[in-house]
Every structure is written in C-alpha cells, then in structure tokens.
Visitor: 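Here it is, the structure in full.
As the structure is a prediction and not an experimental result, all values here were calculated from the model. Quick note: numbers below take in every heavy atom, side chains included, and nothing from hydrogens, waters or symmetry partners.
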Amino acid sequence: MTTASLSVGPRVRRITLNAAGHTLSALLSAPDTPPRATVVALHGAGMSAGYFDGGAQPDASLCALGAHLGFQVLAVDRPGYGDSAAGLPEGLDLAGQARVLRAALDDFRVGYDTGVGTFLLAHSFGGKLALTLAAETPPPGLLGLDVSGCGHRYAPRSEELLTSTDRARWKHNWGRLALYPPATFRHSADFVRPVPERELRAASAWPDVFDALAPRVRVPVRLTFAEHELWWRHDADALDDLRARLSSAPRVVVDRQPDAGHNISLGRTARAYHLRALAFFEECLPERDGP
C-alpha cells in the first residue's frame, strides 16, 4: 500500500491499494481524531471516486462531511477504473470486482485504523457491487449498507437503454438540469470515465442476480431513490417486493430524496442525502459516544 501527498480537496488525499494482483486508486478523507468507523464509497458506472468529493458543490462532498462527523471515508475507484483500468480494460463482472475489492479492503486495514467497523455507501452499479460484497464476501466488521440509484427491477425502457449510446442514456443518468448546481457538468469532466464493456454486458442480468444475493445480506440496509429516478421501478409494489427479498437483513429502510435525479451525490440535495446516510450509519454503530 502506498500513499501520496496530492491534495484533492480539504482533508482528502489520493492513495493506492494492493488488491489481488491489481492496484486500486482511491480518495481517503480522515478526521483529526481516530475514526469512529470507516465508510467505503463505491461509485456508479461511468464515474470514478471523485463522484464523492463534491463536484460543483464542495460543501456536499461526502469525503469532507464524513470526516467532519468523525468517519473515515475511503472512496475507491472500482476495478476497471482509475489505476486498474489499464490492466482491466474490459473491467470485471460483479463477482470478480467483489473479490478484488475485498482484497483491497484487507490491504487497507493493515495500514489504517478503521474504527469499530466498516460501512458501504454505494451508487448505481456500485450498489450492485456493495450488495454482492455483503452477500458473498463481507469484510470483517461490516456494519451496514447505504445504496442510492440502484433497485432490483428496471423501469420500462431502461433495459433497452443499457446497451445504447452514451447520448441515449444521458437523461436517465442525470434527469433535469435544474436538479444540479450550474457548474456540475463542467466539473464532472474530472471524474466521468468510460464504462468497461463487461459492466454493460452484465447489466441486464441484475434482477436475477439480486434475487439470488438478497437473502444472503445480513446487515442493515438503506436504499434511497431519487424523486426523479428513471432507471428503476420505485413504485409501492416494487419497493414492497424489494424489502421482502432482503429477508435476512435485520433492518431495511427505503427512502426517497426529493428534488434529486439519479446522480444524487452531485445534485442540489447531495448534502441532505449524505447527512441522512451518515445518520443511518450512526444508528448502526455498535457503540455510541457518551459517558
């Protein structure tokens, strides 16, 4: 494991992690005191770890906000992105990503205090990876998941867009421009990345994959759907079915984020979403601060 002093934002630096023969790049943000717990943040398809560092709205950065509240935040470039892209030009399927990510988290624990445990906060395709990791190879001390922009049943027309051009998918990925600060799309050039081919090919199989994984998730789960989410069904019947399939999770919370599009962590309500996610993690801590 190596570190570099390059400053990305307040309290945020770039690091690399050794992961089963691959090198994963990541952003790390830590509080001034020992961390209460570690939040591992996993970006969606076509993004990178910078998705969680504020974009055009620095006060909405999950990295900075988490550290301010005593959490260490590790935003990882998923396998096939960042430093691992050259060695994995087509990316990996979910099971392969989970194995590599688990190795990276094992490497991280060697060099860093992770507090009382680990949380996974994930967006879109990163949510698929978080659920896969929790079901198949959970890291030691996994305390809970918070997933946004990922359901279990695609909305009408979504499946046909999975393999369409980037331009065709744009509206589903973003929604109305007014949901984002004015400079968002200029800043997003810094962390938008090509989608590895294996991610695109595997996307349509997710409903069946979820059905197999869901009963094996054994930690609290919170799922957030943007008010203007277009990729996924989030009507009452779909959400009841989703909750029921997470049958081994001790707690399942489903929330809606008003005034948000699919890319919640870049929108005008990003800070509100991050505060709610961190509040959920607070409730999952095995030990609370106090006398």
Visitor: Tell me whether Thr269 contacts the main-chain N or O of Ala272 through its side chain, where contact means a donor paired with an acceptor under 3.5 Å.
Guide: no
Visitor: Go through the structure and list residues passing ring pair (Phe, Tyr, Trp, His ring centres under 6.0 Å) with Phe210, not counting sequence neighbours.
Guide: His152, Trp206
Visitor: For Arg198, which residues count as a salt bridge (Lys or Arg N to Asp or Glu O under 4.0 Å) partner, sequence neighbours excluded?
Guide: Asp93
Visitor: Could you please spell out the steps behind the salt bridge (charged side-chain N to carboxylate O under 4.0 Å, His left out) verdict for Arg256 and Glu229?
Guide: CA-CA 10 Å; Arg256 296 184 187 276; Glu229 174 63 58; over 6 Å; no
Visitor: Holding to side-chain hydrogen bond (donor to acceptor under 3.5 Å, both in side chains), I want the full list of residues that pass it with Ser248, two or more places apart in sequence or in another chain.
Guide: none
Visitor: Should the pair Arg222-Asp255 be classified as a salt bridge under the 4.0 Å nitrogen-to-oxygen rule?
Guide: yes
Visitor: Give a yes-or-no answer on whether the side chains of Asp83 and Thr23 include a donor-acceptor pair shorter than 3.5 Å.
Guide: no
Visitor: With a 3.5 Å cut-off and no angle check, do the side chains of Thr38 and Gln72 form a donor-acceptor pair?
Guide: yes
Visitor: side-chain contact (heavy atoms from CB on, under 4.5 Å) with Arg271: which residues, sequence neighbours excluded?
Guide: Asp59, Ala60, Leu65, Leu275
Visitor: Restricting to side-chain hydrogen bond (donor to acceptor under 3.5 Å, both in side chains), what partner residues turn up for Arg99, sequence neighbours left out?
Guide: none
Visitor: Applying side-chain hydrogen bond (donor to acceptor under 3.5 Å, both in side chains), can you list everything that pairs with Arg243, at least two apart in sequence or on another chain?
Guide: Asp240
Visitor: With a 4.0 Å cut-off on N to O distance, would you call Glu282 and Arg36 a salt bridge?
Guide: yes
Visitor: Can you name the side-chain contact (heavy atoms from CB on, under 4.5 Å) partners of Ser124, sequence neighbours left out?
Guide: His262
Visitor: Does a donor on one side chain sit under 3.5 Å from an acceptor on the other, for Tyr273 and Asp146?
Guide: yes
Visitor: Can you sort out the partners of Phe119 under ring pair (Phe, Tyr, Trp, His ring centres under 6.0 Å), two or more places apart, ordered by chain and number?
Guide: Phe281
Visitor: Return the set of residues passing side-chain contact (heavy atoms from CB on, under 4.5 Å) with Ala202 (not counting sequence neighbours), or none when no residue passes.
Guide: none
Visitor: Can you list every ring-ring contact (aromatic ring centres under 6.0 Å, His included) pair that touches residues 11-36, not counting sequence neighbours?
Guide: none
Visitor: Verify, without hydrogens or angle tests, whether Glu197 (side chain) and Glu90 (backbone) share a donor-acceptor contact under 3.5 angstrom.
Guide: no
Visitor: Would Glu136 and Arg102 pass as an ion pair if we require N to O under 4.0 Å?
Guide: no
Visitor: Report yes or no: does Arg268 contribute a side-chain atom to a donor-acceptor pair with the main-chain N or O of Ala178 at less than 3.5 Å?
Guide: yes
Visitor: Quick one: does Asp77's side chain have a donor or acceptor within less than 3.5 Å of a partner on Leu24's backbone?
Guide: no
Visitor: If the condition is side-chain contact (heavy atoms from CB on, under 4.5 Å), which residues does Ala130 pass it with, not counting sequence neighbours?
Guide: Leu42, Leu120, Ala122
Visitor: Measuring from atom CG of Leu145 to atom CG of Leu223, what distance do you get when rounded to the nearest 0.5 angstrom?
Guide: 8.5 Å
Visitor: Is any NZ, NE, NH1 or NH2 atom of the basic residue among Asp211 and Arg245 found under 4.0 Å from an Asp or Glu carboxylate oxygen of the other?
Guide: yes
Visitor: Holding to side-chain hydrogen bond (donor to acceptor under 3.5 Å, both in side chains), I want the full list of residues that pass it with Glu199, two or more places apart in sequence or in another chain.
Guide: Arg78, Tyr81, Gln97
